[in-house]
Chemist: 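Can you keep this structure in mind? I'll have questions shortly.
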Amino acid sequence: MTVITEYSPAELARATHTPLPGLRCYGPATATRARLLASGSVVLCLWAAPAWAETAPNAAYLHMPHTPPTTQQATPATTPAAVQVTGGARIITVTPPPVPAAPQPGFWDNTRLLPPLTSRPEAYGQPQSLELKPLPTALLHQGPWGVFNANTGAAAGFGTVGYYAVSRWAEDWSSLRDKRNRLDAMDALKYIPFNTDGDIYLTLSGNFRQHNFYDQRAGFGATKKDPAYRNNFRWNVGGDLHLGEHVRLYGELMSGQAAGVNYYGYAGGRWRSRLDAQQAFVEVRGKVLDATVGGMAGRMTFLDAPPYFTAGSVYPSLPYSWNGLRGYAFWKNFRIDGFYLTLTNNAPAAMFHDQVGWSSRLFGAYTSYAVPSFKFMGRNSQIFVDTFYLGTILSKSSLPTLAGGSIAGSTHRDTPGTRIWGNAGPLEFSVGAMWQGGEFRAAKNGPSRPVSAYAIDATLSWRFAKWPGHPAIGIQVDDVSGGNMNKNQNSSWGSFLSPFVPSAYYLDMSTYLGQSNLIDVGPIATIAPTPNTTLLLKVPAVWRNSRQDAIYASGTAFYAYRPHGAYTATMPQASFTWRATRHITLGIDGEYIFASRSMIDAGASSGAFVQSNIELTF
């Protein structure tokens, strides 16, 4: 119950010297506020009920204003219960309506408190549709990137950032300075302050992940492991130490193992690796020319590229890890990122013996312009226009031959490109184009061949936001150039190279086919059957772009099959993900590869691929 006393102007004037009972006015000085109020004829000064105070998770909006609340509760209406006149003042007794209790977190979390499913790293390359509505900041631990926090942060260039991030250092848990924002028992590990101001603090993170694979005819039967049962797991722990507003140190340890029955492909150190430093870098950040500018030096993950070029390679136990320098700058509607990185060599078997490898390098610059947001067909709309240059150097590379063999060598590729993506009302799309130049040098002082290749990648979907499950139904089309094995070894080579593993969820979940020498087209659909589940469906049909080139399993590996026809396979796929709690994510993926008659005549075979996933995260 709240008591509100209504005073006359004269009584309010006297209040500057003698407080009146029941009068509470907020401001820097009660006396000054009372003098201002006394100028009116009738004034109500409300004594706010403690029950109306904001509590978590909505309190997070106080600290992270770049994300608006999903819903705004109107101030509860009040109804006078009784009016009493005493000494010239009216005393009004008000009984506020009951305030609904905030949802209580638990092991099986209320769906309102679950993080977005796009936090799952393997789902990074799925159609990157914008959220149907903003999520509470209690569920989004994003940095100060403004409009680039759209699409669960994918537009900022650090991978998706939801409750958790693909790259754990991209998370910002500073809102936990206010204890009202703590929703989870594990929040005690996400913000550990070391000074009274709270700007020197440590964030701890960890993850355990297990994948189980079933390959009925692995690699169209090329591995001769029929069927293969594989499983791998990894665990990692990280520490993010913030030393004030401008400096932080991040380190992450990771270990992984793999096993199975009739398994294959575990060579190279990324499937089986003892404990080592997966990431270790220092970052300096500040304001320069109205931009948030930062620099990173050390070992780190890198995802500032379209998912059809690279997505971090998440199927092996250890994802890609890079060494080098990275710098970025964010303005209101424009950002730029520059980088020079070398791929970590994790082949050494001993613990803490990973090396700064120099045989594979990635360098370049990425820019993104956020078109001013607008409304179309009643929906908030946001479009990004990206331009970039990606340079790659591979000391070990090869080209296919007509006889089914290969020509060893090295390659340097220069790849300028552009991507326009986002949503215009219910239309969600991504259209990208890349041209690739450079050269291939055959080993042992062999001939050098210039490269001229291209890739066009597009997805287009219509979001039925009012339908159950909010489905998005559309089409995916990719056209990636191939080479010509019939030409002599001094001629130009036309096969596009994506050496750092595009997202498995963009084209082929089994990863039997890579983003080289192919044309594919097929329907695609995403739907959320419940608030904490999502389903991806797609049926790409795949052809070779050039009949004179091989069929590629990845950018640097190809099959010995030399079919006569261009049609390769049709691959219906489904991926189901269940966010059981904030810390537990389960998933199952399935695909059947219907090889073409031409492929079967060349020695290939059809078969099924099934994968199950479990992730435990804090």
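Quick note: residue numbers are just sequence positions, from 1. Basis for what follows: all heavy atoms, side chains included, without hydrogens, waters or symmetry-related copies.
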Chemist: Using the test salt bridge (Lys or Arg N to Asp or Glu O under 4.0 Å), find all partners of Glu591 that sit at least two apart in sequence or belong to another chain.
Modeler: none
Chemist: For residues 536-551, which residue pairs qualify under side chain to side chain donor-acceptor pair (under 3.5 Å), counting only residues two or more places apart or in two chains?
Modeler: Tyr454-Asn545, Gln476-Lys538, Asp479-Asn545, Ser495-Asp549, Asp549-Tyr552
Chemist: Could you check whether any side-chain heavy atom of Arg562 comes within less than 4.5 Å of a side-chain heavy atom of Met485, counting everything from C-beta outward?
Modeler: yes
Chemist: Does a donor on one side chain sit under 3.5 Å from an acceptor on the other, for Thr344 and Asn346?
Modeler: no
Chemist: Would you check if Leu394 and Arg361 make a side-chain contact, meaning some heavy-atom pair closer than 4.5 Å?
Modeler: no
Chemist: For residues Asp589 and Gln573, is any side-chain donor paired with an opposing acceptor at under 3.5 Å?
Modeler: no
Chemist: Look at the aromatic rings of Tyr592 and Phe594 and report parallel, tilted or perpendicular, splitting at 30° and 60°.
Modeler: tilted
Chemist: Pick from Trp169, Trp322, Tyr320: which one makes a side chain to side chain donor-acceptor pair (under 3.5 Å) with Thr301?
Modeler: Trp169
Chemist: Considering only heavy atoms from C-beta outward, does the side chain of Thr415 approach that of Phe496 to under 4.5 Å?
Modeler: yes
Chemist: Which residues pass the side-chain hydrogen bond (donor to acceptor under 3.5 Å, both in side chains) test with Thr570, not counting sequence neighbours?
Modeler: Tyr567
Chemist: May I have all residue pairs that pass salt bridge (Lys or Arg N to Asp or Glu O under 4.0 Å) and include part of residues 255-283, sequence neighbours excluded?
Modeler: Arg248-Glu283, Glu283-Arg285
Chemist: So, Arg413 and Thr411: side-chain donor and acceptor under 3.5 Å apart, yes or no?
Modeler: yes
Chemist: Would a line drawn from the ring center of Phe339 to the ring center of Phe302 be shorter than 6.0 Å?
Modeler: yes
Chemist: Can a donor-acceptor pair be found between the side chains of Trp235 and Asn207 at a distance below 3.5 Å?
Modeler: no
Chemist: Considering only heavy atoms from C-beta outward, does the side chain of Tyr308 approach that of Ser503 to under 4.5 Å?
Modeler: no
Chemist: Apply side chain to side chain contact (heavy atoms under 4.5 Å, CB included) to the pair Asn262 and Tyr229, showing each step before the final yes or no.
Modeler: CA-CA 6 Å; Asn262 209 27; Tyr229 299 89; 5.7 Å; no
Chemist: I'd like to check Ser461 versus Ile524 (side-chain heavy atoms, cut-off strictly below 4.5 Å). Are they in contact?
Modeler: yes
Chemist: Can you list every pair that meets salt bridge (Lys or Arg N to Asp or Glu O under 4.0 Å) and has a residue in residues 162-171, with sequence neighbours left out?
Modeler: Arg168-Glu171
Chemist: Closer than 4.0 angstrom, basic N to acidic O: yes or no for Asp215 and Arg230?
Modeler: yes
Chemist: What side chain to side chain donor-acceptor pair (under 3.5 Å) pairs are there with at least one residue in residues 390-405, not counting sequence neighbours?
Modeler: none
